[in-house]
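The model shown is predicted, which means the values in this text are computed figures rather than measured ones.
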Amino acid sequence: MNEEESLNRAIYEEVAIFPYDKEWPLLFEEERSRLLHLFPSSFLAIAHIGSTAVPGLSAKPIIDILAGVATMESADALLEPLCQSKYTTSMEFNASFTGRRWLMRWSEGRRTHHLHLVVHGSKEWQQRLAFRDTLRTHTGIAMNYERKKQAWAAEFRSDREAYTAAKTSFIQDTLGYAKNS
C-alpha cells in the first residue's frame, strides 16, 4: 500500500472500539517528545486526552493529543509544518472550528493520532481536560461512557461524523457534572 492509499484508508476507517491498551500512554509520550523536539518553542503544554488517556477505558485506538498554543494564529502557522511532519489535515474541516485546529497522523491505513491545537488555558482547553479528568476519577461515568461508545460505534460504524455527534450530549452532561461537583 502506498502513502496515498494508506491515507485514504485511514480517512475512511470504520469506527471500532478496542479494549484498553497499556501502551497508549507510552505512545502519547513518544509523540509528545517528538512534537517538542520538532517544535521546541511552539507549544505551551501538551496533554493526553480522549479515552486512550483514561486507564482501563475501551477506546478507538487513536491517541488524542491536546496541544496548547498562545493564539489561534500561531496554531494556523503550525498547520503546514505539522503536515510536513507526518500529519495531515483538511483546511475545509478546520474552517468549521473557531477555537481549535485538528490534524491526523496515520500509518498503514489506520489513524494513529489526532492532534487538537487550542489556545492554552482557553475554555476549549479547560473543557477537554475536565472531561478527561472526570472519566479518570469517576469509574461509573467512565463505564457508562464506554457502553454508550460501543453502541454508537456499532450504530455508526461507517459514519465518524455521526459517531462524534452522538457523543456530544454525554460530553456536555459530564462537563456539567464536573462543573457542579
### Query
Quick one: which of R110, R111, R160 gives a side-chain contact (heavy atoms from CB on, under 4.5 Å) with K60?
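Among the candidates, only R160 passes.
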### Query
Given I171, which of T174, T168, L175 fulfils the side-chain contact (heavy atoms from CB on, under 4.5 Å) condition?
L175
### Y87: partners by ring pair (Phe, Tyr, Trp, His ring centres under 6.0 Å), with sequence neighbours left out
none
At what distance, to the nearest 0.5 angstrom, does [atom1] of [X] lie from [atom2] of [Y]?
{"X": "T52", "Y": "I62", "atom1": "OG1", "atom2": "CD1", "answer": "9.0 Å"}
{"X": "K86", "Y": "E31", "atom1": "NZ", "atom2": "CD", "answer": "9.0 Å"}
{"X": "R32", "Y": "H37", "atom1": "CZ", "atom2": "NE2", "answer": "14.5 Å"}
{"X": "M91", "Y": "C83", "atom1": "CE", "atom2": "SG", "answer": "5.5 Å"}
{"X": "E146", "Y": "I17", "atom1": "CD", "atom2": "CD1", "answer": "8.5 Å"}
{"X": "I11", "Y": "T88", "atom1": "CD1", "atom2": "OG1", "answer": "6.0 Å"}

### Query
Any donor-acceptor pair under 3.5 Å linking the side chain of R34 with the backbone of S85?
yes
### Message
Tell me if a side-chain donor or acceptor on T164 pairs with a main-chain N or O of E161 at a distance below 3.5 Å.
### Response
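Flag not set: sc T164 to bb E161 has no pair under 3.5 Å.
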### Message
Run V119 and E124 through side-chain contact (heavy atoms from CB on, under 4.5 Å) and show every step you take.
### Response
CA-CA 8 Å; V119 173; E124 182 93 22; over 6 Å; no
### Task
Would you sort out whether M143 and L57 count as a side-chain contact (heavy atoms from CB on, under 4.5 Å), showing the intermediate values?
CA-CA 7 Å; M143 293 301 100; L57 188 63; 4.1 Å; yes
### Task
Can you tell me which residue pairs pass the side chain to side chain donor-acceptor pair (under 3.5 Å) test with a partner in residues 3-12, sequence neighbours excluded?
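Of all non-adjacent pairs touching residues 3-12, those that pass side chain to side chain donor-acceptor pair (under 3.5 Å) are S6-W106.
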### side chain to side chain donor-acceptor pair (under 3.5 Å) contacts in which one or both residues fall within residues 129-145, not counting sequence neighbours
H138-Y177
Would [X] end up clustered with [Y] when hydrophobic side chains under 4.5 Å apart are linked, directly or stepwise?
{"X": "W24", "Y": "L135", "value": "no"}
{"X": "F18", "Y": "V15", "value": "no"}
{"X": "L36", "Y": "L79", "value": "yes"}
{"X": "I49", "Y": "W125", "value": "yes"}

Which atoms form the tightest heavy-atom contact between [X] and [Y], and what is the distance?
{"X": "P61", "Y": "A16", "value": "CD-O, 3.9 Å"}
{"X": "G121", "Y": "Q126", "value": "O-NE2, 2.9 Å"}
{"X": "Y20", "Y": "P25", "value": "OH-CG, 3.4 Å"}
{"X": "P55", "Y": "A53", "value": "CD-O, 3.5 Å"}
{"X": "K149", "Y": "A59", "value": "NZ-CA, 3.7 Å"}
{"X": "A75", "Y": "V69", "value": "CB-CG2, 3.9 Å"}

Are any non-hydrogen side-chain atoms of [X] and [Y] less than 4.5 angstrom apart?
{"X": "L82", "Y": "L117", "value": "yes"}
{"X": "I46", "Y": "I65", "value": "yes"}
{"X": "L115", "Y": "L35", "value": "yes"}
{"X": "I63", "Y": "R105", "value": "no"}
{"X": "V118", "Y": "M72", "value": "no"}
{"X": "I141", "Y": "F170", "value": "yes"}

### Query
Taking the six-membered ring for Trp, are the ring centroids of F97 and W102 within less than 6.0 Å of each other?
no
### Message
As a quick check of understanding, evaluate side-chain contact (heavy atoms from CB on, under 4.5 Å) for L7 and M104, giving each step before the final call.
### Response
CA-CA 10 Å; L7 173 59; M104 175 184 78; 3.7 Å; yes
### Query
Got a sec: does the CD of E92 have more than 12 other heavy atoms crowding it under 6.0 Å?
no
### Task
Could you tell me whether K148 atom NZ has more than 12 heavy atoms of other residues or ligands within 6.0 Å of it?
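No - once you tally the heavy atoms of other residues, nucleotides and ligands closer than 6.0 Å, there are 12 at most.
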